[in-house]
Trainee: 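Attaching a single structure in structure tokens format; questions to follow.
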There are 2 protein chains.
Amino acid sequence: MKQHHKLARGHLSTEDWEEAALELIANQGVGALAVEALARQLGVTKGSFYWHFSTRQALLQAALERWERYGEREILEQIEAIPCPQQRLPELFHRVAQELRTHQVYAALLKALDHPQVMPVMARVSQRRTDFLNKAYREAGLSAAEAINRARLTYAAYVGFLQLHFTLGIAHLNQKEFDAYVEHTMVTLIPS
Amino acid sequence: MKQHHKLARGHLSTEDWEEAALELIANQGVGALAVEALARQLGVTKGSFYWHFSTRQALLQAALERWERYGEREILEQIEAIPCPQQRLPELFHRVAQELRTHQVYAALLKALDHPQVMPVMARVSQRRTDFLNKAYREAGLSAAEAINRARLTYAAYVGFLQLHFTLGIAHLNQKEFDAYVEHTMVTLIPS
DNA sequence: CGCATACCATACGCGAAAGTATGGTATCGT
DNA sequence: ACGATACCATACTTTCGCGTATGGTATGCG
């Protein structure tokens, strides 16, 4: 039973390391995830790390899976709870447009799609979200053929925007411009 | 005068290294660009490399700038040569949809947006292309506000699709499905 | 003919980060 | 009270890829 009151003091748990790893990834990218650096940031040394994890890859894997589990749930469930199908897509666009932290991690992982451990996670997440969009578009009245393509287009636009906005600094929009952009995408991509 | 008949044989030129670097980047990503590996692939050793380039970064920089110079020119110039502005956007979509090699490099660089040398190059390229799209949309009749947002949306969709298709293997479309997708994006994103 | 230049091979130095070995301290259960 | 367990520090070894040093060969030029 690993239930030994970790709230007590000073001691770090496995989850603490995973959270810290995600934090570091969000800020400095996957490439910057080094064990000595992370340990320093947590005020400890490697000795601590290698007690919790067998290897560096293990930490990355754990952090990614953690993000994959807890990163989506909320929004998608809230959207599915909306009774009127016609209202789901607009609400989804709005909600997504307000997140930040989640997008930071997502953008950081997109930049690191090179990494063999990151790629499959992103593939799964993207597949699920595209499926979700597909369903939403069908419910909004599009045909099967239209819905799947529109879902791909929409999600591609989302992914691409993260790159352009966060990583590349293109479209460095202020709040007003950003709102206008979101409005434009909704008008363009959501069937009336 | 660096004109010493390099055609002779066996000897490599600076451009040969740059091309080989781009080839390797297209296939295995920026992270795999190591000098010893590249040298092996060219049938020589490091000794040769460090005669042509002072450092590994220098090669990457040269390869990136080379790609930046020669990668775009063709298509954009061809599009601008089209007399009727209304026809430019459809033609652009079609032409882009047929490229391959260019997209492979572009996708590989997108995966490596982490890298400090890659990022500014991609930022410049993306900015120019977005500007180009913006102009095209204006000529197609959109208002200034609409054109800029539609340009962002279109280019974001392009970037995102490369990620989903090439890197993540989502939307693993065959030719027929791909054509249908392109057609859908044109109908959705190009003003009638 | 012979030297200079261009191109390449071989062998080594070196720094950064991963992983290992080992020992120290605090806390908890009994 | 005391031993076991959980957590962490320190010092070390290993690996990998960059860069350097230096010497070898071929080709064009005077």
Side-chain angles (χ1 to χ4, degrees), chain A residues 1-25 27-64 108 112 114-118, chain B residues 1-25 27-64 108 112 114-118:
Chain A
M1 302 309 157
K2 290 216 167 180
Q3 216 37 18
H4 47 85
H5 314 168
K6 66 173 169 42
L7 312 179
R9 242 309 42 87
H11 285 27
L12 297 172
S13 73
T14 299
E15 283 111 26
D16 292 332
W17 283 94
E18 296 173 2
E19 282 294 336
L22 286 176
E23 185 70 25
L24 196 153
I25 287 174
N27 294 330
Q28 305 175 242
V30 177
L33 183 60
V35 342
E36 306 206 45
L38 189 59
R40 248 194 315 280
Q41 182 176 307
L42 285 173
V44 293
T45 65
K46 301 192 333 182
S48 171
F49 175 85
Y50 284 101
W51 190 90
H52 293 283
F53 299 91
S54 64
T55 170
R56 187 203 109 114
Q57 294 186 11
L59 168 65
L60 217 199
Q61 197 63 37
L64 290 176
D114 243 350
H115 202 292
Q117 290 182 263
V118 173
Chain B
M1 301 304 165
K2 288 220 168 178
Q3 218 34 19
H4 47 87
H5 313 168
K6 67 172 168 43
L7 311 178
R9 233 346 358 120
H11 285 27
L12 297 172
S13 72
T14 299
E15 282 110 27
D16 292 331
W17 283 94
E18 296 173 3
E19 282 296 336
L22 286 176
E23 186 69 25
L24 196 153
I25 288 174
N27 294 330
Q28 304 176 243
V30 177
L33 183 60
V35 340
E36 306 205 42
L38 190 58
R40 247 193 318 278
Q41 183 176 307
L42 284 173
V44 292
T45 65
K46 303 196 325 185
S48 170
F49 175 85
Y50 282 101
W51 191 91
H52 293 284
F53 299 92
S54 63
T55 170
R56 186 202 109 113
Q57 293 187 10
L59 168 66
L60 217 198
Q61 196 64 37
L64 291 175
D114 244 351
H115 201 292
Q117 290 182 264
V118 173

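Residue numbering restarts at 1 for every chain, and letters A, B, ... go by the order of the sequence lines.
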Trainee: Once you round it to whole Å, what is the distance between P of D:dC7 and CG of A:Leu42?
Mentor: 14 Å
Trainee: Could you state the CD-C1' distance from A:Gln41 to C:dA17, rounded to the nearest angstrom?
Mentor: 17 Å
Trainee: Judged by each residue's nearest nucleotide on DNA chain C, which is more toward the 5′ side, A:Val35 or A:Gly47?
Mentor: A:Val35
Trainee: Between A:His52 and D:dA6, is there a side-chain N or O to OP1/OP2 distance below 4.0 Å?
Mentor: no
Trainee: Just the rounded figure in Å: distance from P of C:dC12 to OH of B:Tyr50.
Mentor: 18 Å
Trainee: Counting heavy atoms from C-beta on, name the nucleotide in D:dC18, D:dA9, C:dC8 closest to the side chain of B:Trp51.
Mentor: C:dC8
Trainee: In this structure, how many angstroms lie between the P atom of D:dT20 and the CD atom of B:Glu36, rounded?
Mentor: 14 Å
Trainee: Answer whether the closest heavy-atom distance between the side chains of A:Leu33 and A:Leu59 falls below 4.5 Å.
Mentor: yes
Trainee: Take the C1' atoms of the five end pairs on each side of the helix from C:dC1-D:dG30 to C:dT30-D:dA1, get both axes, and report the angle to 10 degrees.
Mentor: 0°
Trainee: In whole angstroms, how far is the P atom of D:dC7 from the CG atom of A:Asp16?
Mentor: 10 Å
Trainee: How close do A:Phe49 and A:Arg56 get, counting heavy atoms only, and between which atoms?
Mentor: CZ-CA, 4.1 Å
Trainee: With respect to the phosphate group of C:dG19, does any side-chain polar atom (N or O) of A:Thr55 fall under 4.0 Å of OP1 or OP2?
Mentor: yes
Trainee: Does A:Trp17 reach the side chain of A:Val44, with side-chain heavy atoms less than 4.5 Å apart?
Mentor: yes
Trainee: What integer distance in Å separates B:Leu59:CG from D:dG17:P?
Mentor: 16 Å
Trainee: Looking only at heavy atoms, what is the nearest atom pair of A:Val118 and A:Ala112, with distance?
Mentor: CB-O, 3.7 Å
Trainee: Kindly write out the residues that satisfy side chain to side chain contact (heavy atoms under 4.5 Å, CB included) with B:Ala32, not counting sequence neighbours, or none if the list is empty.
Mentor: B:Leu24, B:Gln28
Trainee: Is a side-chain donor or acceptor of A:His52 paired with a backbone partner of A:Asp16 at a separation under 3.5 angstrom?
Mentor: no
Trainee: So, does B:His11 get its side chain near the phosphate of D:dT27, meaning an N or O under 4.0 Å from OP1 or OP2?
Mentor: no
Trainee: When the distance from CZ of A:Phe49 to C1' of D:dC7 is rounded to whole Å, what number comes out?
Mentor: 15 Å
Trainee: Starting at atom CZ of A:Arg40, determine the distance to atom C1' of C:dA17, rounded to an integer number of angstrom.
Mentor: 11 Å
Trainee: Which of the following nucleotides, C:dC8, D:dC8, D:dG17, is nearest to the side chain of B:Thr45?
Mentor: C:dC8
Trainee: Could you check which of D:dC18, D:dC8, D:dA11 has an atom nearest any side-chain atom of A:Lys46?
Mentor: D:dA11
Trainee: Tell me if a side-chain donor or acceptor on B:Gln61 pairs with a main-chain N or O of B:Gln117 at a distance below 3.5 Å.
Mentor: no
